[in-house]
S.K.: 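Would you mind keeping the following structure in view while I ask a few things?
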Amino acid sequence: MIPSLIITIDGPAGTGKSSVAHRLAQRLGLEFLDTGAMYRAVALVAIEQQLSPDGGRGLGAAIEREPPRFDWTTSPPRLMIGARDVSDRIRDADVTAIVSRVAACPEVRRHMVALQRAAAMEHPRLVTEGRDQGSVVFPDAALRIYLDADPIVRAQRRGEQLKACGRPAGEAEILQGILSRDRSDSDRSEGPLRVPIGAERVDTSELDLEGVVDCLESLARNRIGQRLTHSAVATDRP
Ligand code: DC
């Protein structure tokens, strides 16, 4: 049996978590789970099925009927709803505008946490990123990381990302969106954005993507290097 090894990366929007987590996973020979994409998929379902993004029975039932899932044969894994690849669609502005509301619904979070733990059973050597991965979903993860950055830097980065995908937006508007999502992600009652107990906190304001990945890779090799070589038997599951 392959021993499980989970690294969690949490932090606010625009810290580069997804790209960093994917690159780190590649360097360490682990798989990668983007949990923000799962909440975005639920927001897309709410839009398409005209369900309230604030929860209620409709949204929970829709998730049960057709839960978001990843195609693990691609790297990074593509996000699917049924047979449809929604990986690009979930980055659109209409999804981004309501995803915090969807992520604040306790019922949605319960479904997502269960799906994330199930994914970790199937893919036990994992870098997983989100807001609650080290604090709620995998509190016993081998390494818990919290990425942070100045909000203005985060808005600039998000602006560059959107431009690169052909969806340019004004920086002031992006900053407002980021600050408002920070607020709702931190203030919600279930799974709020928190620095997990025992987490390594890394400020990425002054670093580029490769710099952050270098920093996290040496952190991982120093802290859990032996386990990265498959030699130890351990479990990270709660
Ligand atoms: O990282 P992102 O921007 O793709 O996340 C989308 C939204 O989902 C954001 O509002 C935070 C929320 N989220 C969450 O509440 N818990 C997670 N584990 C991941 C994301």
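Start at 1 and go down the list; that is how both ligands and their atoms are numbered. Side-chain atoms are counted along with the backbone in the values below, which use heavy atoms only and exclude waters and symmetry mates.
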S.K.: Could you check whether R109 pairs with E190 (Lys NZ or Arg NE/NH1/NH2 to Asp/Glu carboxylate O, under 4.0 Å)?
M.R.: no
S.K.: Under a 3.5 Å distance rule, please check whether T8 uses its side chain to pair with a backbone N or O of Q133 as donor and acceptor.
M.R.: no
S.K.: So, is E129 polar-close to ligand 1, with some N/O to N/O distance under 3.5 Å?
M.R.: no
S.K.: Is L179 atom CG crowded by more than 12 heavy atoms from other residues, nucleotides or ligands, each under 6.0 Å away?
M.R.: yes
S.K.: Any idea which part of R188 is under 4.0 Å from ligand 1, heavy-atom wise: side chain, backbone, both or neither?
M.R.: side chain
S.K.: Quick one: does ligand 1 sit under 4.0 Å from the side chain of M38, the backbone, both or neither, non-hydrogen atoms only?
M.R.: neither
S.K.: Side chain of R125, backbone of L228: donor and acceptor closer than 3.5 Å?
M.R.: yes
S.K.: Around atom 16 (N) of ligand 1, find the nearest protein heavy atom and jot down its residue, atom name and distance.
M.R.: R109 NH2, 3.0 Å
S.K.: Does only the side chain of R91 get under 4.0 Å from ligand 1, or the backbone, or both, or neither? Count heavy atoms.
M.R.: side chain
S.K.: Between R40 and D92, is there a salt bridge with N-O shorter than 4.0 Å?
M.R.: no
S.K.: Carefully, step by step, assess Q26 and R23 under the rule side-chain hydrogen bond (donor to acceptor under 3.5 Å, both in side chains).
M.R.: CA-CA 5 Å; Q26 284 178 317; R23 294 285 262 277; 4.6 Å; no
S.K.: Which one holds for S100 and ligand 1: side chain close, backbone close, both close, or neither close, with close meaning a heavy atom under 4.0 Å?
M.R.: both
S.K.: Report yes or no: does D132 contribute a side-chain atom to a donor-acceptor pair with the main-chain N or O of S135 at less than 3.5 Å?
M.R.: no
S.K.: Is it true that D208 and R157 have a side-chain N and a carboxylate O under 4.0 angstrom from each other?
M.R.: no
S.K.: Tell me: protein heavy atom nearest atom 20 (C) of ligand 1, and distance?
M.R.: G36 CA, 3.5 Å
S.K.: Knowing that exactly one of V202, L147, V20 qualifies, which makes a side-chain contact (heavy atoms from CB on, under 4.5 Å) with C215?
M.R.: V202
S.K.: Please name all residues satisfying side chain to side chain donor-acceptor pair (under 3.5 Å) with R65, sequence neighbours left out, ordered by chain then number.
M.R.: Q49
S.K.: Compute the shortest N/O to N/O distance between R131 and ligand 1 and return yes if it is under 3.5 Å, no if not.
M.R.: yes
S.K.: Identify whether the distance between the nearest side-chain nitrogen and carboxylate oxygen of R188 and D185 falls below 4.0 Å.
M.R.: yes
S.K.: Heavy atoms only, cut-off 4.0 Å: how does Q133 contact ligand 1, side chain, backbone, both, or neither?
M.R.: side chain
S.K.: Going by distance only, is there an N or O of T35 that falls short of 3.5 Å from an N or O of ligand 1?
M.R.: yes
S.K.: Would you check the N or O atoms of D185, main chain and side chain alike, for any that come under 3.5 Å of an N or O of ligand 1?
M.R.: yes
S.K.: If we only consider heavy atoms of M112, is any one of them less than 4.0 Å away from an atom in ligand 1?
M.R.: no
S.K.: Run the numbers for me: atoms of ligand 1, each under 4.0 Å from some heavy atom of A103, listed by number.
M.R.: 12 (C), 15 (O)
S.K.: Quick one: nearest non-hydrogen protein atom to atom 4 (O) of ligand 1, plus distance?
M.R.: R40 NE, 2.8 Å
S.K.: Nearest protein heavy-atom contact for atom 3 (O) of ligand 1: which residue, which atom, what distance?
M.R.: R181 NH1, 3.0 Å
S.K.: To check your reading of the model: name the closest protein heavy atom to atom 8 (O) of ligand 1, its residue, and the distance in Å.
M.R.: Y39 CB, 3.6 Å
S.K.: Please determine if D34 has a nitrogen or oxygen closer than 3.5 Å to a nitrogen or oxygen of ligand 1.
M.R.: no
